[in-house]
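Everything on this sheet refers to the single structure shown next.
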Amino acid sequence: VSERADRLAGLLPEAGVDVMLVTDLVNVRYLTGYTGSNGLALVSDQVRTFGTDFRYVEQAAAEVDASFDRRSVPSATDLLELIEDSLPAGELRLGFEADNLTVRRYELLRETLDERVELVACAGLVEMLRAVKDAQEIASITAATVLADASFERLLRDGLAGRTERELAVALEQDMRERGADRVSFESIVAAGPHGALPHAQPREVEVRAGDLVVIDWGAQLDGYCSDCTRTVAAGEPGEEVREIYELVLEAQVTGVNAVRAGRGAQDVDAAARDVIADRGYGEQFGHGLGHGVGLEIHEAPTLRRRSSDELMTGNVVTIEPGIYLPGRFGVRIEDLVVVTDDGCKILTSVPKRLIVVD
Ligand code: ZN
Ligand code: ZN
């Protein structure tokens, strides 16, 4: 963990700041190891300060990397009040996370700092570091994926037809918890028949009927790291059109996976998969991006979509998840989690991608 703060410090000259204030708790966790709900970090070449309040002093002692100086405030005080005393003397530019600090806290920060300190809005610095995973992070994401895959296979063994979408979602989530997940990565999607045509469908108290196509999108969080996978399964023998659409989405998905490689533009990978679907006339029915980075958060950098300026790098962990949604009828989405490598990618998801028919 300690070398992550060094990498952040290395980005600061280009960002035009001397010291970076990190208030986003996921970013604080990434830099320091701290998992509590109130904390901040100050990072520069010289400064490594972690701050929390009195409730988390013991937790911080156990979790925060030894390279950080640990400080705390009494309950009634905002953590921002310990910053002034933690900064080096003289004029300096203090970066803050514009996506995280509220206007109210920004004003408080300004009041507590001496005039020698200039505040500089920054965005995405730690997120940029987080996009490239180290071996330990990839191991955690792989373990979360293995766990979630096992829960899915367990779910299918009990059949789909006759159970409500909500029952299925709860059973899947319960199984992930029993296998040791911290929590689910996100609210699971179980969407049968026409409901599957909504990419962000919420599970309903509606039974899956024999012959329904069911979109299931789920993930486990383990050691803080998320997994993400979608499979579309048939609750009984599907019709010919369903099979055709399924095969088309699968072809697009495999094309997308094969297009992944370090150095390639994220929008080019999106285009490779999207063209397969658009060439057969279903471009309008694939309304979302091809994928997203996954890590401590379920959606993080890089983003694979049209007009993304991101470039894939070795160590990115991204989803490849094309879909076709036919309103009022059914939807198909197939999603794998992959690690970007120098010459391609490694697929973490182990659940088969051919159409599974569950009786
Ligand atoms: Zn997903
Ligand atoms: Zn996803």
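For ligands, and for the atoms within them, numbers begin at 1 and follow the listed sequence. We number each residue from 1, following the sequence as shown.
Salt bridge status for D336 with K353: present, with a side-chain N to carboxylate O gap under 4.0 Å. Taking 4.0 Å as the cut-off between side-chain N and carboxylate O, E63 and R70 do not count as a salt-bridged pair. Between E297 and R130, at least one side-chain N (NZ, or NE/NH1/NH2) sits under 4.0 Å from a carboxylate O, which counts as a salt bridge. By the 4.0 Å N-to-carboxylate-O rule, E153 lies too far from R157 to be salt-bridged with it.
When distances to the Zn ion (ligand 1) are checked against a cut-off of 2.8 Å, E335 contributes an N, O or S atom below that limit.
Taking the Zn ion (ligand 2) as the apex, the angle formed with OD2 of D228 and NE2 of H292 is 90°, to the nearest 10 degrees.
Note on D217: its N/O/S atom closest to the Zn ion (ligand 1) is OD1. Distances from the Zn ion (ligand 2) to each N, O or S atom of E321 single out OE2 as the nearest.
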